[in-house]
Amino acid sequence: MATTAPSVPNWPSQRFACIVGAPRCGTTTLARLLESHPEVSFSSVKEPHYFALFDLDDLDQDELKQTVADEYLARYFHDVDPDAQVMAEGSVSYLYAPERLLPLLRLWPDAKFIIAVRDPIQQLPSFHQRLVHQGDETVEDFEEAWRLIDERRSGRKIPRTCLDARQLQYDEVARFGKHVGRFFDVVGRDRCHVVVFDDLRADPAKAYAGVLDFLDLPPAPMPENWNPRPRRGVKVKWLQRLLKRPPIARTVLAGPQFRKRIAAKPQRRPPAPLRAIMSARRALLEWNRTDPPPVRLSPSFAQEIREALRDDVAKLSALLDRDLSHWLGSSDKKSASYDQAA
């Protein structure tokens, strides 16, 4: 049984919940929906990645609670609504490192986790495009990037602007059966609620209602003017990498979400020179935005991905007690293109 953490001044009374991934499976949509609920206080940064970045296992209970209060709660939950029932965040990295959440469970023994999964044939090209947009990937053709997996696993041909080379192991990122199974084993199946992207796309209101029921929150309507986040393309790739992954002075040139992650305390209004720099950065990012190119995979390449992940899809089907064989599809001509707008 988990040990109750000692008293720390102003420790929040709210329950804890986390959307843990996988990436490009609707986690941002789920975060926006939860953030709109009146009984939820969402983190100031959607993906703090705090428990994945820091090894807290060796801290005793007093040190753990004080450290998390000072470095995590003060940074990302400094304005929690006292009337809210749940605090929540959405770090997709947690799905791939569930053992890092054991200290979290010592502090919130009743914590709950929402896992999002998606057909890898849809998820992987979308994820690749996102990495290109962020500057972590420089190979713009997904099939070419897929062919580099083995070299990159060995530490070669990794872009200098990539923050975490593990993201470039596309086959490993999409082994949802493996990672969901491990997550269940570490934190407990009863703590987890899995949202399949097919359901979120087909009926967002129903999927949202299922999440609220799992979190023991009262029903709430979908927020007005709600739309899923669109895909984004860029006009000038090198400019995007410079703005998103600047090689120097990153604390100045990087975006507000990054600066919030590294801030030692809740941020005040930045000085006028920094506001001017960030305004120019936003204007350049907006100018550089364009519609993304269509995602097209050859039927043979799509089938290659399916074969590589066939056993893992079967494992996920067994874990969820749900037939996901349609993800394995067929290699007909319709397999060559995918609508990633959802």
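Being a predicted model, the structure only gives us computed values, none of them experimental.
You'll find the ring centres of Phe77 and Tyr72 inside the 6.0 Å limit.
Looking only at atom types and distance, the side chain of Asp70 has a donor-acceptor partner in the side chain of Gln66 under 3.5 Å away. Between the side chains of Ser93 and Ser91, no donor-acceptor pair of N or O atoms lies under 3.5 Å.
For the side-chain hydrogen bond (donor to acceptor under 3.5 Å, both in side chains) test, residues two or more places apart in sequence or in another chain that qualify with Arg152 are Glu137. Partners of His179 by ring pair (Phe, Tyr, Trp, His ring centres under 6.0 Å), not counting sequence neighbours, listed by chain and number: Tyr96.
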Report the C-alpha distance between Glu307 and Arg310 in whole Å, list the side-chain angles of each, state the deciding distance to 0.1 Å, and finish with yes or no for salt bridge (charged side-chain N to carboxylate O under 4.0 Å, His left out).
-> CA-CA 5 Å; Glu307 290 302 323; Arg310 181 175 296 277; 2.7 Å; yes
Evaluate salt bridge (charged side-chain N to carboxylate O under 4.0 Å, His left out) for Arg322 paired with Asp198, printing each intermediate quantity in order.
-> CA-CA 12 Å; Arg322 174 170 176 167; Asp198 305 21; 5.0 Å; no
Pair Leu64-Leu107, side-chain contact (heavy atoms from CB on, under 4.5 Å): steps then yes or no | CA-CA 8 Å; Leu64 174 63; Leu107 300 174; 3.9 Å; yes
Evaluate the criterion side-chain contact (heavy atoms from CB on, under 4.5 Å) for residue pair Trp11 and Val68; output intermediate values, then yes/no.
-> CA-CA 10 Å; Trp11 184 265; Val68 170; 4.2 Å; yes
Taking it one step at a time, do Arg306 and Val313 satisfy side-chain contact (heavy atoms from CB on, under 4.5 Å)?
-> CA-CA 9 Å; Arg306 291 189 178 106; Val313 171; over 6 Å; no
Go through Leu56 and Tyr50 one step at a time and tell me if the side-chain contact (heavy atoms from CB on, under 4.5 Å) criterion holds.
-> CA-CA 10 Å; Leu56 307 174; Tyr50 177 79; 3.8 Å; yes
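Contact check on Asp119 versus Arg201 returns no salt bridge, with no Lys/Arg side-chain nitrogen under 4.0 Å from an Asp/Glu carboxylate oxygen. Residues Asp171 and Arg175 are paired through a salt bridge, judged by an N-O separation under 4.0 Å between the basic side chain and the carboxylate.
Proximity of a side-chain donor or acceptor of Arg166 to a complementary backbone N or O of Glu172 within less than 3.5 Å is not detected. Tyr76 contributes no side-chain N or O that, together with a main-chain N or O of Glu71, makes up a donor-acceptor pair within less than 3.5 Å. His193 places no side-chain N or O within donor-acceptor distance of the main-chain N or O of Leu212, the cut-off being under 3.5 Å. Between the side chain of Asp312 and the backbone N or O of Lys178, at least one donor-acceptor pair lies under 3.5 Å. Remark: side-chain polar atoms of Thr27 are not paired, donor with acceptor, to backbone N or O of Gly21 under 3.5 angstrom. Proximity of a side-chain donor or acceptor of Arg118 to a complementary backbone N or O of Cys25 within less than 3.5 Å is not detected. Side chain of Arg191 to main chain of Phe113: no donor-acceptor pair is present (N/O by atom type, distance under 3.5 Å, no hydrogens or angles). Checking side-chain atoms of Asp136 against main-chain N and O of Leu163 turns up a donor-acceptor pair under 3.5 Å. Here the side chain of Arg182 pairs no donor or acceptor atom with the backbone of Asp185 at under 3.5 angstrom. Without hydrogens or angle criteria, Thr67 side chain to Glu63 main chain gives a donor-acceptor distance under 3.5 Å.
Side-chain contact between Asp79 and Ser44: absent, with no pair of heavy atoms (C-beta onward) separated by less than 4.5 Å. Looking at heavy atoms from C-beta onward, Val196 lies in side-chain contact with Leu320 at the 4.5 angstrom threshold. With contacts defined as side-chain heavy-atom distances shorter than 4.5 Å, the pair Leu34/Ile114 qualifies. The shortest side-chain heavy-atom distance between Glu39 and Leu215 does not fall under the 4.5 Å cut-off. Using a 4.5 Å heavy-atom threshold, the side chains of Pro223 and Arg32 count as separate. Side-chain contact between Met87 and Pro12 is present, with heavy atoms from C-beta onward closer than 4.5 Å. At least one side-chain heavy atom of Phe301 sits less than 4.5 Å from a side-chain heavy atom of Arg147.
Taking CG from Asp141 and CG from Leu297, the interatomic distance works out to 9.0 Å, rounded to the nearest 0.5 Å. In this structure, Arg75 CZ and Ser43 OG are separated by 12.5 Å, a value rounded to the nearest 0.5 Å. Taken from CD in Glu89 to OG in Ser41, the straight-line distance is 13.5 Å, to the nearest 0.5 Å. Atoms OG and NE2, on Ser126 and His133 in that order, are 11.5 Å from each other to the nearest 0.5 Å. With values rounded to the nearest 0.5 angstrom, Leu319 atom CG is found 13.0 Å from Phe183 atom CZ. We find the CG-NE2 distance between Leu328 and His326 to be 9.0 Å, quoted to the nearest 0.5 Å.
Between Tyr94 and Ala52 the shortest heavy-atom distance is CE2-N, 3.5 Å. In this structure, Pro120 and Leu309 approach most closely via the heavy-atom pair CB-CD1, 3.6 Å. What you find for Ile121 and Ala302 is that their closest heavy atoms are CD1-O, 3.4 Å. Shortest non-hydrogen contact noted between Gln167 and Leu131 is OE1-CD2, 3.4 Å. Closest approach of Pro159 to Leu168, counting heavy atoms only: CD-CD1, 3.6 Å. Arg100 and Asp55 make their closest contact through NH1-N, 3.7 Å (heavy atoms, listed as atom of the first residue, atom of the second, distance).
Note on Val194 and Val92: separate hydrophobic clusters, where clusters join Ile, Leu, Val, Met, Phe, Trp and Tyr whose side-chain heavy atoms are under 4.5 Å apart, directly or indirectly. One hydrophobic cluster holds both Phe214 and Leu30 under the rule that ILVMFWY side chains link at heavy-atom gaps under 4.5 Å. Connection of Leu59 to Phe54 is established within a shared hydrophobic cluster, with ILVMFWY side chains joined at heavy-atom distances below 4.5 Å, either directly or through further cluster members. Both Phe127 and Ile149 are part of a single hydrophobic cluster, where members link through side-chain heavy atoms under 4.5 Å apart. Hydrophobic clustering (side-chain heavy atoms under 4.5 Å, transitive across Ile, Leu, Val, Met, Phe, Trp, Tyr) groups Ile158 together with Tyr170.
Exactly one of Val40, Val86, Val80 qualifies for a side-chain contact (heavy atoms from CB on, under 4.5 Å) with Gln14. That residue is Val80.
Pairs engaging residues 206-220 under the side chain to side chain donor-acceptor pair (under 3.5 Å) rule: Lys112-Asp216 [sequence neighbours left out].
The aromatic rings of Trp146 and Phe142 sit perpendicular, their planes meeting at an angle over 60°, well past the 30° parallel limit.
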